[in-house]
Amino acid sequence: MGYIRVYRGNDLIKQFELGKEQVTIGRTEDNTLVLAGEGVSRQHAAIEYQDGEYYIVDMGSQNGVFLNSEKVLRSQLKYWDEIQIHNFVIKFMAKQGLSARKDDAKEASGETESDKTKFFKITDEKQLDDLRNKTKECFLSYIDEDGAIKKVLIKKPRVTIGKSKDADIKVSGWFAPGVCATIERQGANYELVPQKRGKASYQNKPISSATKLLDGSTFSVRGRGFQFFNRLTKTS
Amino acid sequence: MPWITVADSDIGAREEQQDRYLVVCNDDKTNQLLVVADGAGGHTKGALAAQTAITHIRENLTDLWTSEDPQEFLRKLIIQCNQAVLSLGDDDLACTTLVMVFMRSDELFWGHVGDSRLYLIRGGQVVAKTCDHSIGELRKRNDHQLGHQVIGTAENELYMCLGALANISPELDSSAAREGDSVLLCSDGLWGQVDMAKTISELSDTDLSHGSLLKTVQQSISAARTSMPEKSDNITLVVSTYLKAPNIFKRFISAIFK
């Protein structure tokens with residue numbers, strides 16, 4: 001099933017559901033979709049249905065039919081495609097937008113409430129997944145007391161490094177405090193926050209205040225070296 | 001409670017208040033949850049959608065306070081809210097945005113769908129902000145296919161909210177708060193009608209007392225309303241500022257000197 005919305009500039013002028021019968025587009029009244037404009041031919045184009053798919057066809061127009069800004073003679077339509085004919089834009093979509101009946105009726109009659117929230121429906125859930133499944137993965141790598149390389153995923157807003165038994169990463173040493181340093185999430189960034197007697201340094205320089213950690217940077221706490229990673233990964 | 005929280009809302013120039021908010025804390029007042037929902041739809045439907053989400057949250061909070069993984073808890077809760085709003089049934093538009101933040105002492109976990117926002121503010125600067133699920137934001141990010149595919153659609157249309165899609169992917173994030181940090185939740189009636197930089201700076205200059213914060217919040221809401229007297233949207237603003245509880249020793253000393 002397909003649905004089209006017809007715009008002139010930013011104004012929605014018509015919208016309807018497509019069936020299996022051909023929709024003819026042109027300047028004269030005998031067309032299914034009449035687009036009044038000098039640049040539109042009498043029989044300009046048509047939308048045809050064949051084996052479950054819709055096609056846009058140029059019916060020998062003077063000024064051509066453009067699909068997503070490329071001139072086409074006949075082309076299969078995908079959801080979200082935009083057909084340009086003269087100064088009209090025809091959007092092809094899976095379904096009527098949720099708010100279409102109410103808000104678009106207002107748009108058409110010129111009573112646009114631009115500040116009003118409107119809902120645009122992405123019906124293809126795969127698109128939504130594609131949009132969402134890129135997330136940053138943050139982790140630390142370090143060499144533990146036994147010489148093994150450890151990788152710690154940072155999931156919490158605060159990761160503690162210290163001698164305390166509650167610390168997420170343990171460090172030892174006679175004078176090491178319970179918490180030597182913390183790694184704190186700050187929006188999209190992470191910061192290394194040194195604590196008293198924690199002996200924290202970032203990129204080989206001792207630090208005394210919160211310091212932003214960059215992807216791939218190194219730091220040490222009480223002599224133990226760490227490397228920090230914050231990079232985009234596909235989680236799915 | 002280490003957080004001072006104030007909230008207010010205004011109907012604007014609309015016939016109906018479709019914004020809803022919720023401020024709730026656990027029994028020992030160490031943890032807190034803030035929610036803002038901005039409903040949209042025909043007569044009474046938008047308000048019903050927002051109210052449904054809020055009610056669902058309030059009735060399913062018990063396990064949040066002790067949750068091992070608050071982020072995952074919020075994700076599931078938002079997905080359940082979507083089901084609850086979807087089950088309102090019938091063909092009329094009944095959608096709502098949702099932004100919520102869980103404060104566990106100084107740890108913040110938040111999630112959202114739609115264009116109601118969260119700002120984390122420190123020293124007058126925005127440390128973190130949610131990214132609206134709107135066509136305009138997609139276009140700004142224009143690295144994604146979808147941004148191109150929806151050219152020509154209004155900037156403020158949402159591609160994700162509660163009550164429209166069977167499956168949603170709430171966006172989640174977290175941060176560690178520091179002394180004096182403020183968390184601000186608002187509907188688009190606020191951020192769309194005022195200069196947020198000004199609002200944020202005014203909030204940052206406010207005394208850290210309940211009364212002063214509430215006054216500033218009310219002034220911000222009033223500024224938003226008067227900026228569009230004829231067609232102001234519903235406006236909601238919730239602000240919470242983190243203050244470490246003074247330790248027992250300090251309390252003892254101050255008690256002596258009183």
How close do Gly2(A) and Tyr54(A) get, counting heavy atoms only, and between which atoms? N-CE1, 3.7 Å
Provide the full list of ring-ring contact (aromatic ring centres under 6.0 Å, His included) pairs with a residue in residues 164-195 of chain B, sequence neighbours left out, each pair given once. none
Lys/Arg N to Asp/Glu carboxylate O, Asp38(B) vs Arg20(B), below 4.0 Å: no
Using a 6.0 Å distance limit plus a 45 degree cone around the ring axis, check whether Lys212(A) lies over the aromatic ring of Tyr190(A). no
Which residues share a salt bridge (charged side-chain N to carboxylate O under 4.0 Å, His left out) with Asp195(B), sequence neighbours left out: none
Enumerate by number any residue of residues 159-166 of chain A whose heavy atoms lie under 4.5 Å from heavy atoms of chain B; in the absence of such residues, state 'none'. none
Only distances under 3.5 Å count here; give the side-chain donor-acceptor pairs of residues 191-199 of chain A to other protein atoms, sequence neighbours excluded, each with its distance to 0.1 Å.
from	atom 1	to	atom 2	distance (Å)
Glu191(A)	OE1	Arg178(B)	NH1	2.8
Glu191(A)	OE1	Arg178(B)	NH2	2.9
Arg197(A)	NH1	Phe175(A)	O	3.0

